[in-house]
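See structure below.
Order of the sequence lines fixes the chain letters, A, B, ..., with proteins taken first and strands second; residue numbering starts at 1 for each chain.
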There are 2 protein chains.
Amino acid sequence: MSSLSKQIEEYIKALLAQETAGVVEIQRNFLSEYFNCVPSQINYVLSTRFTPVQGYMVETRRGGGGFVRIVSLQLDEDDDLQDALTDAIGSQLTQNDCEGLTAYLYQQGIITQREMLLFNSMLKDRVLTGLEKSQRDNIRASMMQHMLAMLNMMRHT
Amino acid sequence: MSSLSKQIEEYIKALLAQETAGVVEIQRNFLSEYFNCVPSQINYVLSTRFTPVQGYMVETRRGGGGFVRIVSLQLDEDDDLQDALTDAIGSQLTQNDCEGLTAYLYQQGIITQREMLLFNSMLKDRVLTGLEKSQRDNIRASMMQHMLAMLNMMRHT
DNA sequence: ATGTTTTAAACCAAATCTGACCTTTGCATA
DNA sequence: TATGCAAAGGTCAGATTTGGTTTAAAACAT
């Protein structure tokens with residue numbers, strides 16, 4: 001029994017997959033009517049699943065002709081991963097964001113699917129036992145930052 | 001005369017046996033109602049009988065559409081991965097021992113060199129910031145156990 | 001008798017969903 | 001031109017729906 005948020009997420013990602021440019025423009029009210037939910041539900045989905053650390057940017061415009069624009073961010077071959085991602089990661093990384101980040105890295109061809117699954121298996125809340133939430137989010141951020149530094153090094157040598 | 005925990009264990013294992021994929025998704029509340037017990041009883045069973053060392057992985061999600069997912073790893077006796085999972089890792093793993101373990105896994109062809117380097121970069125003491133030594137060694141052990149469980153699962157699928 | 005496993009209960013945390021109220025923008029028209 | 005209305009979208013707090021953790025007592029085994 002997939003949740004409404006999950007369905008909306010899938011729907012938007014399907015739209016993005018159709019667009020070669022990696023940009024989708026849509027109306028919030030269209031989505032909320034399509035899924036028969038309150039408009040703020042859409043904001044919830046955008047803010048939990050389409051953040052920079054997960055490889056997305058969201059721009060909006062109010063008023064007549066308003067829209068929600070979702071952009072899938074692309075990483076270049078020669079981009080410095082740390083420059084591109086350290087800010088987005090910050091000093092705290094929740095399990096949810098972390099899984100979004102690994103999915104992004106996989107989708108961008110930076111890590112393999114296997115690596116994504118292995119990282120995810122190590123970084124779950126359930127695995128980081130006996131720690132406060134803020135400690136967990138802290139070391140997740142730290143681990144991903146250092147992992148990216150190592151990836152970067154391997155790319156440039 | 002068989003204990004409640006035992007019954008719940010058998011029930012879950014029967015569900016798993018029905019699934020060719022070796023994956024079962026179910027709600028904790030469904031189980032606790034079915035067995036007419038408190039919900040935490042389910043957690044007790046999961047944490048005592050469905051651990052990575054015992055050949056299972058458990059994933060959960062809270063909130064609407066939440067679930068408990070139990071994955072059977074189908075371990076074969078007598079292989080290196082299995083040995084590493086059950087013997088080499090205790091409940092504590094120092095940075096040094098951890099690097100020894102990743103080197104061993106690499107030698108045995110279980111992980112790639114790149115994976116070894118990435119894991120090592122994430123699991124250093126200085127990366128696991130703000131924790132007591134025993135906490136660090138603890139979650140390192142937990143992370144490696146879960147990582148190996150995932151490796152094992154991927155091997156069989 | 002003692003130690004271990006099991007069970008229950010009270011309390012905690014995370015993810016989702018809703019609704020009331022607010023802000024911005026474009027356009028029509030006084 | 002000023003201004004008011006309609007048409008977007010935004011924010012936030014609280015309710016709802018799951019699952020998690022801790023602790024103490026009960027049951028069981030040695």
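Whole-Å rounding puts the A:Arg69 CZ to D:dA8 C1' distance at 15 Å. Distance CZ (B:Phe30) to C1' (D:dT17): 18 Å, rounded to an integer number of Å. Atom CG in B:Asn43 sits roughly 17 Å away from atom P in C:dC12 (whole-Å rounding). The distance between atom CD of A:Glu9 and atom P of C:dC17, rounded to the nearest whole Å, is 12 Å. Rounded to a whole Å, the NZ atom of A:Lys124 is 16 Å from the P atom of D:dG19. In this structure, CZ of A:Phe67 is placed 15 Å from C1' of D:dG10, rounded to the nearest angstrom. The nearest whole Å value for the distance from the CD atom in B:Gln27 to the C1' atom in D:dG20 is 15 Å. Between A:Leu131 atom CG and D:dT22 atom P there is a gap of 11 Å when expressed in whole angstrom units.
With hydrogens and angles left out, the side-chain atoms of B:Arg28 and B:Asn43 include a donor and acceptor closer than 3.5 Å. A donor and an acceptor atom, one from each side chain of B:Asn138 and B:Gln92, are located under 3.5 Å apart.
By the 4.0 Å N-to-carboxylate-O rule, B:Glu59 lies too far from A:Arg126 to be salt-bridged with it. The pair B:Arg136-B:Glu132 fails the salt-bridge criterion, with no side-chain N (NZ, NE, NH1 or NH2) lying under 4.0 Å from an Asp/Glu carboxylate O.
Comparing A:Gly63 and B:Ser40, the nucleotide of DNA chain C nearest to each residue sits closer to the 5' end for B:Ser40.
Within the structure, a side-chain polar atom (N or O) of A:Arg126 is placed less than 4.0 Å from OP1 or OP2 of D:dG20.
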Would you tabulate the nitrogen or oxygen pairs shorter than 3.5 Å linking the protein to nucleotides 21-23 of chain C?
from   : atom 1 : to      : atom 2 : distance (Å)
C:dT23 : O4'    : A:Arg62 : NH1    : 3.3
C:dT23 : O2     : A:Arg62 : NH1    : 2.6

Give me the distances for all protein-to-nucleotides 5-7 of chain C N/O pairs that come in under 3.5 Å?
from  : atom 1 : to      : atom 2 : distance (Å)
C:dT6 : OP1    : B:Arg49 : NH2    : 3.1
C:dT6 : OP2    : B:Tyr44 : OH     : 2.4
C:dT6 : OP2    : B:Arg49 : NH1    : 3.3
C:dT6 : O5'    : B:Tyr44 : OH     : 3.3
C:dT7 : OP1    : B:Leu4  : N      : 2.8
C:dT7 : OP2    : B:Ser5  : N      : 2.8
C:dT7 : OP2    : B:Ser5  : OG     : 2.5
C:dT7 : OP2    : B:Gln41 : NE2    : 2.8

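The B:Thr60 side chain lies nearest to D:dG19 when the options are D:dA8, C:dA8, D:dG19. The nucleotide whose nearest atom lies closest to any side-chain atom of A:Lys133 is, among C:dA14, D:dG20, D:dC12, C:dA14. Minimum atom distance to the side chain of A:Asn29 is reached by D:dG9, of the listed C:dT18, D:dG9, D:dT22.
A donor-acceptor contact under 3.5 Å is formed by the side chain of B:Arg28 with the base of D:dG20.
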Would A:Thr51 and A:Gln54 satisfy side-chain hydrogen bond (donor to acceptor under 3.5 Å, both in side chains), going step by step from the backbone distance to the final call?
CA-CA 5 Å; A:Thr51 63; A:Gln54 293 167 329; 3.1 Å; yes

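Under a 3.5 Å cut-off, the side chain of B:Ser5 and the backbone N or O of B:Val45 do not form any donor-acceptor pair.
More than 12 heavy atoms of other residues, nucleotides or ligands shown are found within 6.0 angstrom of OH on B:Tyr104. For B:Tyr34, the OH atom sits in a loose shell: 12 or fewer heavy atoms of surrounding residues, nucleotides or ligands are nearer than 6.0 Å.
Figure legend: cation-pi geometry between B:Lys6 and B:Tyr11 absent, as NZ or CZ is not positioned both under 6.0 Å from the six-membered ring centre and within 45° of its axis.
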